[in-house]
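Step one of this worksheet: look at the structure below.
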Amino acid sequence: MPREKPPAEHAQAPELVEMGEAPAEDGPAEEQEERWARLLPELLAEVVRRVEASGGERWPARKDVVACACVCRRWRDAAVAVVGPPVVSGKITFPCSLKQPGPREFPMQCFIKRNKKNSSFYLYLGLTTATVDKGKFLMAARRVRRGPHTEYIISLDAEDVSQGSNAYLGKLRSDFWGTNFKVYDSKPPYDGAKASSSRSSRRFGSRRISPQVSSGNYELGQLSYKYNLLKSRGPRRMYCALECPSTQETWESSLKTKARKPMGTIVLRNKAPRWHEHLQCWCLNFHGRVTVASVKNFQLSAAAADPNDPTSSKDEETVLLQFGKVDDDIFTMDYRQPLSAFQAFAISLSSFGTKLACE
């Protein structure tokens with residue numbers, strides 16, 4: 001049976017374009033581009049700053065900022081300098097924003113739509129304070145079976161979700177039981193990183209995130225769900241160990257692929273819910289962002305590195321990622337620093353599917 005084609009609304013947004021060099025052209029078009037590039041740096045920065053300030057706080061108005069970055073390399077550099085990374089601006093603007101840490105002071109609110117017919121999942125950025133709105137499409141994933149393993153292929157383009165696609169971002173790979181997962185990035189997270197040696201890790205033509213870096217499959221971390229062989233009553237228990245983007249790495253260096261050092265590893269565990277006697281169910285406070293009870297719902301926080309450290313208890317209380325159900329096929333996903341949208345999406349995808357050994 002042929003695979004159902006995703007609806008047009010899920011197609012890759014034209015605003016999320018490749019942030020590489022502007023294509024070289026001959027004749028009047030090239031001369032016109034050079035005239036734009038010769039603008040004084042102060043004037044160029046002021047132009048981008050005014051575009052950013054003129055109603056470009058949310059999508060779809062932010063496409064004007066992206067259009068400025070697409071004029072040429074100098075305009076791109078000016079645009080990223082004005083906008084800043086998500087950890088500073090609290091905004092997702094360019095494709096590279098998807099692999100940058102989220103804000104520290106507040107969560108980035110997103111939601112996932114599931115299509116059971118073609119085993120696809122679509123991540124959107126929330127545009128309003130409502131739990132679910134029209135949203136801005138960010139990424140898509142498709143679940144495929146490869147022998148005893150299940151893989152979730154993640155792409156910028158919902159109509160071309162494959163490892164051979166130019167929009168390929170990475171993948172999530174599970175074991176036979178669906179309890180242990182590995183997260184892979186399409187580009188090396190730091191200089192000297194080695195690609196996975198599996199057959200599916202051959203190099204592909206992905207250039208969406210960083211045109212100068214060849215694509216492969218580079219392991220970012222692992223997730224696991226604790227076995228529940230005795231079938232005792234209770235929710236799933238998760239453990240994650242991920243290499244997260246460094247907040248010290250500047251926005252410009254990440255785009256220009258300067259020398260990058262190995263990233264730090266963060267350990268996450270799910271917050272234990274409380275049993276509600278009146279409702280006769282396990283409960284967590286999602287602050288109104290989750291409205292339907294489900295075994296898939298979870299909150300992740302940083303595991304305490306040192307039990308005697310007084311600051312560790314505060315970090316342990318901060319929810320870095322929460323995921324939960326609001327409708328039959330709609331789930332909210334809120335994340336913050338040090339996680340990126342790509343990592344948060346990969347972790348959330350692990351919650352889908354039956355886990356016989358954990359429930």
Side-chain angles (χ1 to χ4, degrees), residues 4-17 52 55-67 83 85-86 89-103 106-143 152-161 167 169-170 208-209 286-292 294 296-298 319 321-336 339-349 351-352:
E4 180 180 336
K5 185 177 180 181
E9 67 179 79
H10 295 140
Q12 182 186 3
E15 301 89 13
L16 291 180
V17 295
E52 166 80 2
E57 290 295 316
R58 295 183 178 272
W59 291 96
R62 290 199 65 75
K63 65 182 180 181
D64 296 334
V65 179
V66 179
V83 173
S89 65
K91 305 168 188 173
I92 293 180
T93 306
F94 306 113
C96 50
S97 305
L98 301 176
K99 292 188 177 181
Q100 292 285 331
F106 59 89
M108 191 76 78
Q109 296 185 337
C110 307
F111 61 93
I112 298 172
K113 289 185 178 180
R114 176 179 59 181
N115 188 330
K116 294 180 180 178
K117 293 182 180 179
N118 57 11
S119 300
S120 296
F121 308 85
Y122 307 98
L123 177 66
Y124 293 84
L125 175 67
L127 301 181
T128 66
T129 56
T131 303
V132 177
D133 49 37
K134 185 178 180 180
K136 173 73 180 73
F137 172 75
L138 298 178
M139 289 179 278
R142 182 166 57 89
R143 181 170 53 204
Y152 294 82
I153 309 300
I154 304 175
S155 172
L156 278 173
D157 190 345
E159 294 187 347
D160 190 6
V161 186
L169 292 177
R208 291 292 181 183
I209 294 297
F286 288 94
H287 302 282
R289 292 283 292 165
V290 177
T291 57
V292 179
S294 172
K296 297 179 176 62
N297 301 346
F298 67 82
V319 176
L321 170 63
Q322 72 173 25
F323 171 84
K325 193 172 185 179
V326 294
D327 206 341
D328 287 342
D329 292 307
I330 302 179
F331 303 79
T332 56
M333 186 199 85
D334 302 339
Y335 74 97
R336 65 170 70 200
L339 295 176
S340 66
F342 170 75
Q343 291 174 323
F345 189 35
I347 295 174
S348 299
L349 289 172
S351 188
F352 293 101

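Note that the numbering runs from 1 along the sequence shown for the chain.
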*Taking the side chain as every heavy atom from C-beta outward, state whether Met108 and Pro103 have any atom pair closer than 4.5 Å.*
yes

_Partners meeting salt bridge (Lys or Arg N to Asp or Glu O under 4.0 Å) with Arg114 (sequence neighbours left out)_ = Asp329

_Evaluate Phe345 against Tyr152 for ring-ring contact (aromatic ring centres under 6.0 Å, His included), listing each step before the verdict._
CA-CA 10 Å; Phe345 189 35; Tyr152 294 82; 9.0 Å; no

*Nearest-0.5 Å distance, CG of residue Asp157 to CE of residue Met139*: 13.5 Å

*Point-to-point distance, once rounded to the nearest 0.5 Å, from OG1 of Thr332 to NZ of Lys325*: 12.0 Å

*Could you tell me whether the side chain of Phe298 reaches within less than 4.5 Å of the side chain of Gln322, counting heavy atoms only?*
no

*asked:* Are Phe121 and Asn115 packed together at the side-chain level, in the sense that at least one heavy-atom pair is separated by less than 4.5 angstrom?
replied: no

*asked:* Could you check whether any side-chain heavy atom of Arg142 comes within less than 4.5 Å of a side-chain heavy atom of Ile154, counting everything from C-beta outward?
replied: no

_Pairwise side-chain contact, Lys136 with Tyr124, heavy-atom cut-off 4.5 Å (strictly under)_ = no

*asked:* Are the side chains of Tyr335 and Cys110 in contact, using a 4.5 Å heavy-atom criterion?
replied: yes

*Without swapping roles, check the side chain of Lys296 against the backbone of Ser348 for a donor-acceptor pair under 3.5 Å.*
no

_Rounded distance [0.5 Å steps], CZ in Phe137 versus NZ in Lys134_ = 14.0 Å

*Side-chain H-bond candidate by donor/acceptor type, Ser120 with Asn118, under 3.5 Å*: yes

*Rounded to the nearest 0.5 Å, how far does CZ of Phe342 lie from CD1 of Ile347?*
10.5 Å

_With side chain to side chain contact (heavy atoms under 4.5 Å, CB included) as the test, pick out the partner of Leu138 among Leu156, Ile112, Leu123._
Leu123

*Which pair of heavy atoms, one from Val65 and one from Val83, lies closest together, and at what distance?*
CG1-CG2, 3.6 Å

*asked:* Please evaluate residues Phe331 and Phe111 with respect to the criterion ring-ring contact (aromatic ring centres under 6.0 Å, His included), reporting the C-alpha separation (whole Å), side-chain torsions for both, the decisive distance (0.1 Å), and the verdict.
replied: CA-CA 6 Å; Phe331 303 79; Phe111 61 93; over 10 Å; no

*Looking at CE of Met333 and OG of Ser351, how far apart are the two atoms once the value is rounded to the nearest 0.5 Å?*
12.5 Å

*Would you mind reporting whether Ser97 and Pro86 have side-chain heavy atoms less than 4.5 Å apart?*
yes

*Say whether, by atom type as modelled, one donor and one acceptor occur between the side chain of Asn297 and the main chain of Val292 under 3.5 angstrom.*
yes

*From CG (Asp327) to NZ (Lys113), nearest 0.5 Å*: 10.0 Å

*Provide the closest heavy-atom pair for Asp160 versus Ser155 in the form atom of the first, atom of the second, distance.*
O-OG, 3.2 Å

